[in-house]
Amino acid sequence: MKYFLFLLLILTVIPCSGQNIDSLKKIVFSNAPQQKRLAAATRLASYPIEENPDEIIAVAKAGLNLANKLTNKKAIALLSQSLGKAYYQTRSYDSAAYYYNTAAIMLSKTNEQYILTNDYSRLAKAYVTLKNYDKAIEFYTMTVSYAPQTGNRNELMQALNQLGEVYEAKNNYREALNYFRQSFDIKDSLNLVKQTNQNTSEAYSHQFMGDVMGSIKQSQSVHEILKTIDIKKSLNDTLALSINYFNLGVLYKNKQQYEQSLDALKNCLLFATQINYADMQKSATNELADLYERMGNYEQSLIYLKKHAAIKPMGGSTVDELQAKYEIKQREDQVLQQQFEITKRNYWMTGTGIFILLMLFSAFFYYKQNQLKQRNIAMQAIIATEESERRRIAQDLHDSVSQTISAAKINLEVIGSELPFINNEQKIRFEKVITLVDYGFKEVRTISHNMMPWALHKTGLAQVIKQFIENVRNDNIAINFFSSGFDLPYDDTTEIILYRVLQESVNNVMKHAQADRLDISLIRNDESISLTIEDNGKGFDTTNPDIFKGMGLNNLRSRINFLNGKVEFDSQVNKGTLVSVYIPLNKKTS
């Protein structure tokens with residue numbers, strides 16, 4: 001499928017081949033057919049972004065508007081990814097994230113999000129540099145979810161390892177352990193497969209280590225192991241000491257005597273290090289990591305897990321020597337008598353603990369869901385009350401005030417036809433009065449319509465927005481509107497909220513932006529609704545909280561949140577403003 005995507009994109013840009021950057025830009029911003037302009041935009045967006053990211057942003061945005069109008073999903077994905085890369089180069093990481101996510105939505109339709117794996121990984125690294133660990137975790141998690149589709153297990157291993165490092169930086173050693181373990185498991189698996197395929201002595205050492213570990217599943221008491229250790233100390237048998245201390249540490253751990261287990265396993269690691277017994281070192285460090293995790297000391301657990309990953313496999317000669325020694329000494333090792341009973345009890349206790357945790361989680365989840373439901377009910381009541389009051393005021397303006405003004409105009413016209421005027425100047429003044437009354441009548445009707453768009457239930461949201469644009473249009477600003485999926489009436493609540501959001505945003509542009517161009521796009525498909533409002537005005541600083549208080553943007557956000565959607569503001573001073581609204585259609589409000 002990915003080859004089909006690349007072939008389609010190549011075919012799209014064939015008409016632009018051989019053209020330089022300036023000629024392509026002229027095509028994009030010309031009056032040429034939309035398909036030709038889109039082809040030029042996709043061609044130009046494929047040029048190296050590092051050289052001039054601002055130029056790529058301007059062209060890609062123009063291309064993205066064309067792609068949305070033509071509903072070209074492949075071009076939307078390509079141009080959104082190019083915008084993400086360009087914003088990444090300019091260090092506008094939040095904007096980069098927005099466009100990568102837009103590309104991911106398009107690519108999800110063909111299950112090709114893995115194309116963005118490296119982009120999300122780079123973005124996560126940038127947030128790590130900024131010490132924004134929550135954002136880094138968000139995008140590393142996306143990398144982990146998409147990496148398996150690339151077929152490259154090294155990418156997945158690296159992403160898991162980086163997630164572990166971020167959690168370690170946050171001092172969340174428990175989560176760090178989880179991701180480091182996953183990463184190291186993949187690394188060990190790849191190494192073992194490679195060694196087995198090569199039939200090396202390292203692969204043979206795993207079989208030898210399995211024999212060693214298997215031998216401790218015999219019945220052997222703490223007293224018997226301690227007695228054996230005393231004998232081996234007198235003989236200075238380091239290999240036997242490492243094995244027996246390991247057995248002792250595992251036995252103590254299963255008895256939940258953790259301090260004694262720590263002491264035994266550390267002695268095992270000491271003796272295994274003296275004879276360069278790498279497999280025993282790996283086993284001991286792994287057991288120590290697991291033991292510290294059980295004790296709740298996640299920082300120490302992480303230290304030993306890293307030691308486990310850093311230990312290199314043994315060479316062939318060392319394995320042969322240890323194998324020979326082990327075959328001589330293995331009859332001295334005996335089985336742990338209580339292994340099965342202790343393991344069964346541990347499983348029972350673990351299962352009980354998991355069940356309790358699941359019950360607590362279920363109760364917490366139910367509480368949160370109920371809380372969300374109550375909040376949605378309250379929000380729905382607020383919206384209903386607001387719309388009801390708007391409807392009442394609009395009705396009063398329409399039925400009372402406008403009718404009164406209309407009657408006044410008619411009477412004035414009758415009086416004007418019946419009374420003689422002293423002179424022409426008096427007649428002109430009288431006609432001006434009638435004109436003012438007529439203007440007041442139209443203003444009242446406009447205000448009434450804006451407060452409650454009567455045609456919403458009959459003609460659909462697109463027609464109501466077109467009428468609204470006509471009402472606010474003037475010679476100082478050019479307004480372009482594109483709509484898809486709203487030609488017929490849809491859900492009343494959703495349409496009312498979208499209309500209010502657009503109304504608020506457009507009014508802000510007219511009042512504050514000092515723009516001469518405004519582009520509005522409203523698209524609904526089977527999965528989602530997207531609304532974008534972009535102007536080329538003076539912009540604003542999105543980090544200033546006072547801006548959001550003064551422009552009604554918090555109210556706008558609360559309305560979109562009610563629909564389980566999200567709204568983002570991309571703005572810089574003197575570079576215009578982009579308001580993006582996304583509402584998923586697979587979630588219903590409660």
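Arg517 is listed as a side-chain neighbour of Asn480, based on a closest heavy-atom distance under 4.5 Å.
For Arg473, the salt bridge (charged side-chain N to carboxylate O under 4.0 Å, His left out) partners are Glu470, not counting sequence neighbours. Remark: Ser521 engages no residue in a side chain to side chain donor-acceptor pair (under 3.5 Å) (not counting sequence neighbours). For Ser580, the side chain to side chain donor-acceptor pair (under 3.5 Å) test picks out Tyr98, with sequence neighbours left out. By the side-chain contact (heavy atoms from CB on, under 4.5 Å) test, Ile529 is found to be paired with Phe486, Tyr490, Thr494, Leu498, Leu522, Arg524, Ile583, Leu585, residues two or more places apart in sequence or in another chain being considered. For Tyr88, the ring pair (Phe, Tyr, Trp, His ring centres under 6.0 Å) partners are Tyr93, not counting sequence neighbours. Partners of Asn171 by side-chain contact (heavy atoms from CB on, under 4.5 Å), not counting sequence neighbours, listed by chain and number: Tyr173.
Counting non-hydrogen atoms of neighbouring residues, nucleotides and ligands closer than 6.0 angstrom, the CG atom of Asp526 reaches no more than 12 such neighbours.
Between Leu64 atom CG and Asn68 atom CG the span is 5.0 Å, to the nearest 0.5 Å. Rounding to the nearest 0.5 Å places CD1 of Ile523 at 6.0 Å from CD1 of Ile76. Taken from CD in Gln34 to CG in Asn31, the straight-line distance is 11.0 Å, to the nearest 0.5 Å. Atom OG in Ser80 sits 7.5 Å away from atom OH in Tyr99 (nearest 0.5 Å). To the nearest 0.5 Å, atoms CD1 (Ile57) and CD (Gln89) are separated by 10.0 Å. Summarising the geometry, atom CD belonging to Gln81 is positioned 4.5 Å from atom NZ belonging to Lys85; distances are rounded to the nearest 0.5 Å.
Under the 30°/60° scheme for interplanar angles, the aromatic rings of Tyr499 and Phe468 are found to stand perpendicular.
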